Amino acid sequence: MNTTVATIVITGSLLLALASLITAVRDRAMGVILLVGFALLEVAVLVQAGVVIAAVAGGEGAGVSKGTLFGYLGGQAVIPPAGVFLALAERSRWGTAILVVAGFAVAVMTARLLQIWQGVA
């Protein structure tokens, strides 16, 4: 697993969570900037998944639980689109609050993926 890509995903998701929190506190609905940000986050998550799958196919991560690893990758890829869908459905501050949770969840899941890959947990 590439730690540079993981760092980019964690940093981007936390910045999006912070921007979503500021927007929610200001009592605003999700705007185009957050929508584009979460689209870019989804691209970064998919790139990370591709890197991990290629590494596993190449023989790396021999002691890693593949089921747990792929479960986290799949769950992580679903979170940004689901958060945006729910935020678009709820056009109030609570829709933006969903994006705060989605951004934080992606950061935590990426950190957990790093732990699984390194054999720490």
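One-based numbering along the sequence shown. All values derive from a computational prediction rather than experimental measurement.
Between Met30 and Thr23, every side-chain heavy-atom pair lies at or beyond the 4.5 Å cut-off. Two residues are said to be in side-chain contact when any heavy atoms from C-beta on lie closer than 4.5 Å; Gln48 and Ile8 fail this criterion. Contact check for Leu18 versus Leu14: no side-chain heavy atoms found under the 4.5 Å cut-off.
Criterion: ILVMFWY side-chain heavy atoms under 4.5 Å apart, direct or through other members. Under it, Leu73 and Val56 are part of a common hydrophobic cluster. Placement of Leu86 and Val84 in two distinct hydrophobic clusters is found when ILVMFWY residues are connected by side-chain heavy-atom separations under 4.5 Å, directly or transitively. Both Leu88 and Leu16 belong to a common hydrophobic cluster when Ile, Leu, Val, Met, Phe, Trp and Tyr are linked at side-chain heavy-atom distances under 4.5 angstrom. Tracing side-chain contacts under 4.5 Å through hydrophobic residues (I, L, V, M, F, W, Y), one never reaches Val100 starting from Met109; they form parts of separate clusters.
Rounded to the nearest 0.5 Å, atoms CG (Leu113) and CD (Gln118) are 11.0 Å apart. The structure places CD1 of Ile53 at 9.5 Å from CG of Leu46, a figure rounded to the nearest 0.5 Å. Between Glu42 atom CD and Gln76 atom CD the span is 9.0 Å, to the nearest 0.5 Å. To the nearest 0.5 angstrom, Ile116 atom CD1 is 11.5 Å from Phe70 atom CZ. Here the CZ-CD1 distance, from Phe85 to Ile98, works out to 10.5 Å after rounding to the nearest 0.5 Å. Distance check, rounded to the nearest 0.5 Å: CG of Leu99 to CG of Leu21 gives 11.5 Å.
Heavy-atom minimum distance, Ala97 versus Ala24: N-CB, 4.1 Å. Shown here for Ala111 and Ile10, the closest heavy-atom pair between the two residues is N-CD1, 4.1 Å. In terms of heavy-atom proximity, Ala107 sits nearest to Ser13 at CB-OG, 3.2 Å. Smallest separation of non-hydrogen atoms from Val64 and Trp117: CG2-O, 3.8 Å. Looking at every heavy atom in both residues, Phe38 comes nearest to Ala102 through CE2-CB, 4.3 Å.
By the neighbour-count criterion of 12 heavy atoms within 6.0 Å, atom CZ of Phe104 is sparsely surrounded, having that number or fewer from other residues, nucleotides or ligands. More than 12 heavy atoms of other residues, nucleotides or ligands sit less than 6.0 Å from atom CG of Leu35.
With Ser20 as reference, Leu34 is the one residue of Leu34, Val101, Leu15 to meet the side chain to side chain contact (heavy atoms under 4.5 Å, CB included) rule. Tested against Val45 for a side chain to side chain contact (heavy atoms under 4.5 Å, CB included), the candidates Thr110, Ile79, Leu40, Val9 yield a single pass: Val9.
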